[in-house]
Each structure stands twice: as structure tokens, then as C-alpha cells.
There are 2 protein chains.
Amino acid sequence: MSLAHALLTSLLEQPSSGYDLARRFDKSIGHFWQATHQQIYRELGRMEKAGWIRSEPDPEAGRTRKRTYLVLPAGREELMRWAAEAAPLTELRDEFLVRLRADAVIGPLDMVPELARRRALHAEKLRAYHAIEARDFAPEAEPTRQRRIHHLILKAGIQYEQGWIVWYDEALQVLGKD
Amino acid sequence: MSLAHALLTSLLEQPSSGYDLARRFDKSIGHFWQATHQQIYRELGRMEKAGWIRSEPDPEAGRTRKRTYLVLPAGREELMRWAAEAAPLTELRDEFLVRLRADAVIGPLDMVPELARRRALHAEKLRAYHAIEARDFAPEAEPTRQRRIHHLILKAGIQYEQGWIVWYDEALQVLGKD
DNA sequence: TCCAACTATGCAACCAGTTGCAAAACTGTA
DNA sequence: TACAGTTTTGCAACTGGTTGCATAGTTGGA
């Protein structure tokens, strides 16, 4: 049940409404744990029922239905318990590699344009990560522990995208010969 | 619906029973597209109903229920159609990074032993991939197109594991200071 | 001969993630 | 004022992956 814990983390960083949470999520934790707004609303409902969070009408909401969610002590404890658990390794799970293996047995199907497209998408993501890095993690005298960890997490994304770019370059070489 | 196509690929490489398929899967396509035996049996049933594969009692089965599955022309065509489609990028989705971010907001929880454990598991996987590489892709004069692609796919796994090892080394440095 | 382990298949229930749709209020503009 | 677009929330149905369990035959050893 990772999504609940991802939401607890995000709400501890900053209490907010489901909608704001969903948008903030896309730009932070969403880089390595994606969720749709549907999932988020459903999960917030469950978490409130479980007593991990509570909600109140947003003070600036006027007559809208907007509600702000806050983490309760029980939620905080649950998050600590969970964070200290051992987690299974995240295995590589890539549908495109299945397609490539299909091509190996029934091909050639000319995967080159698709390889190039995918390489470009990875390069685009990498560029976006580098932009975040330049903006949020400029070299400075004394970064906090939290900032050091956030930077580290971002670097996982950078490493991941760079790895794919290297690999796609090799793939283009191998499959470009057909 | 990737699993069906992964199974079609595997059955084209070699017709076999659900059980054998499941075991072979673990050692080939399973490296980048995991599936339990339950999923595989269910999917084989669907594919047979869809006319993509057919089955016959295994000739060497004796009185067991063992059945061999074979890809039909419709299955082959479906696989070609699917393999040529554009696939969405596989995004990084790593529960441990969520835990790390949780640690950043409520910690420190001493993630060092878990970091070390995970690094070791990645190193173990990398070692296994290198063993496969040495066994199946020894440098030779004229590798077939299929072998070149299989090697390329394996290299994606190698790249992936190496990337994580580099990252965990850095993570141990950053979190080791606490 | 009996039992444990392995081969081989499958049902049922559940959980998480996805998709399509829509309600209800607000905001800006033609 | 009417309409399009955005904010905010949510229902319902579906798909795919997970877990626990069951069945039935085979094999090898105590």
C-alpha cells in the first residue's frame, strides 16, 4: 500500500486539498510513484476512515467543496513504521523490451523510428530533471538533510534516464544495420 | 495487454505447456516482464478462446493433464500488429524512493542497512546477468540478428542494475553521515 | 508401502490501477 | 448574459496482478 504512504509524506511536507495534492504530486513524488486524481481521492477517503488523516473545509474555499487534509499522529506513526520496513527490489518491467523480443522472433519490423522517438522522450525527461536540479539544488554552503535526500532522489531519476539514453544509442546502432 | 504478447513471443520461440512456459519465462522474458503461474494459465485460456493459440495433449504426458500450446496464424498477426505499435515510456516507479522521502520528512530512521541490503541484491542480479552474458553471448564471428537483439535486451538489464549500484553507493555516502 | 516433494493445472477472492463520465461551483471573456 | 474553460470532487465499471488454496498425478527414498 505505497500510495497511501506517498500521500502521507506529501501531506506532512504540506497539508493540502486533494486537488492541490494531485498537482503537487505530479511534480515531486509523482516522478517515481505515479497516481491519477481518482486514485488519490479514493485513497484520501480510506485514510480518513482509518484515522490517519483528517479533513476540514478549506478556509479560502468560499462555497466550493474544497477540503484540506492534515496528517494525524496515527498517520505519522504508520508512516514511520512503514518507512522502516524492508521493501522488495523494484524490478525492471518494460513493455518495449517485450516488443523488441517479439521483433527478434517475427521481425524485422523496423523499430528504428520508435527507438529514436523513445530516446528523445528520455532525453526530454533528463533535461527536465536537470532543470529542477539547477533550480532547487544549486551548490550552496550547508544544505539541510532533507535537501540532501531530495537531491539524492532526483539523482536516481537522472541516473535512470541517462542509462536509457546510453542504451538506446546502442540499440540504434544494433538495429540500424537492418 | 502485454502479458499475452509476451507469451506469444515465448511460444513462437518454443511451443510448450503452461508449466514449462512459466519456468522458461522466469529465465528469459521474466527478467523484464514478470508473471506468476496463475496469470500465465489465465492468459493462456483467454488466448485460446481468442483463437491466437491452440493446445493439444502433450505426447509425452502419459496420464497427466499436461497440454502443449502452439501459436496460430491469428496469434502471429496479432503479435506483429502489437509489436509495431508505439508504447508509452516505462516510468521509474520505485517504492523505496518513497520511503526515502518519508525518511527525509520524519527521519532520520537509519536507512543504511536497507541501502546496503538493496545494493547487494542489485549486485547479485548484475552478477547473474553477466553469467548469462558470458554463457550465451561469447564473442563470436557472426551472431544472428536474433542473438544480437537478445544480447541487446540483456544489456538493458545490465545497464539498469549498474545504474542502481552507482546510485546506492552515492546514497550510502549521503546517508552514512547521520 | 507410505510419505514427502515435485509436476501440472486451476478456482475464487481480493486489491490496485485505469478509464470514462459527470456534477457543481468558479472565472474570464465575447 | 451566455458560454467556454478551470477547479474540485466523485461514481462506476473494468483490467491486470496477487494470494491462498485445491486437485491430481509422478517420482524417489525411508
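In what follows, every chain begins at residue 1, and chains take the letters A, B, ... in the order their sequences are listed.
- Donor-acceptor pairing under 3.5 Å, judged by distance alone, is present between the side chain of A:Arg42 and the base of C:dG17.
- When each of A:Arg145, A:Gln146, A:Met80 is paired with B:Asp103, the side chain to side chain contact (heavy atoms under 4.5 Å, CB included) condition holds for A:Arg145 and for no other.
- One can place CZ of B:Arg46 at 12 Å from P of C:dC11, the figure rounded to the nearest angstrom.
- Which of D:dT18, D:dG10, C:dA16 sits closest to the side chain of A:Tyr69 comes down to D:dG10.
- OP1 and OP2 of C:dT9 both lie 4.0 Å or more from every side-chain N or O belonging to B:Tyr19.
- If you check D:dT8, D:dG17, C:dG20 against the side chain of B:Gln39, the one that comes closest is D:dG17.
- Between the side chains of A:Tyr168 and A:Arg118, at least one donor N or O lies within less than 3.5 Å of an accepting N or O.
- Taking atom CD on B:Glu48 and atom C1' on C:dT9, their separation rounds to 13 Å, with Å as the unit.
- Distance CD (A:Glu91) to P (D:dT18): 10 Å, rounded to an integer number of Å.
- The aromatic rings of A:Tyr160 and B:Tyr160 stand perpendicular to each other, their planes meeting at an angle above 60°, with 30° marking the opposite boundary.
- One interatomic measurement links the two molecules: CZ of A:Arg67 to P of C:dA25, which rounds to 16 Å at whole-angstrom precision.
- Atom-to-atom, OH of B:Tyr41 to P of D:dT23 comes out at 17 Å; the value is rounded to the nearest Å.
- Listed nucleotides D:dT18, D:dT9, D:dT7 differ in distance to A:Arg23; the shortest reach to its side chain belongs to D:dT7.
- Between A:Glu95 atom CD and D:dG16 atom P there is a gap of 11 Å when expressed in whole angstrom units.
- Between A:Trp33 and A:His37, the residue whose closest nucleotide on DNA chain C is further toward the 5' end is A:Trp33.
- The side-chain tip of B:Arg119 does not point at the ring of B:Trp164 from less than 6.0 angstrom away and within 45° of straight on.
- Remark: C1' of C:dG17 and CG of B:Leu3 are 16 Å apart, rounded to the nearest angstrom.
- With ring centers used as reference points, B:His150 lies 6.0 Å or more from B:Phe137.
- For the pair A:Gln38 CD and D:dT8 P, the interatomic distance rounds to 16 Å; values are reported in whole Å.
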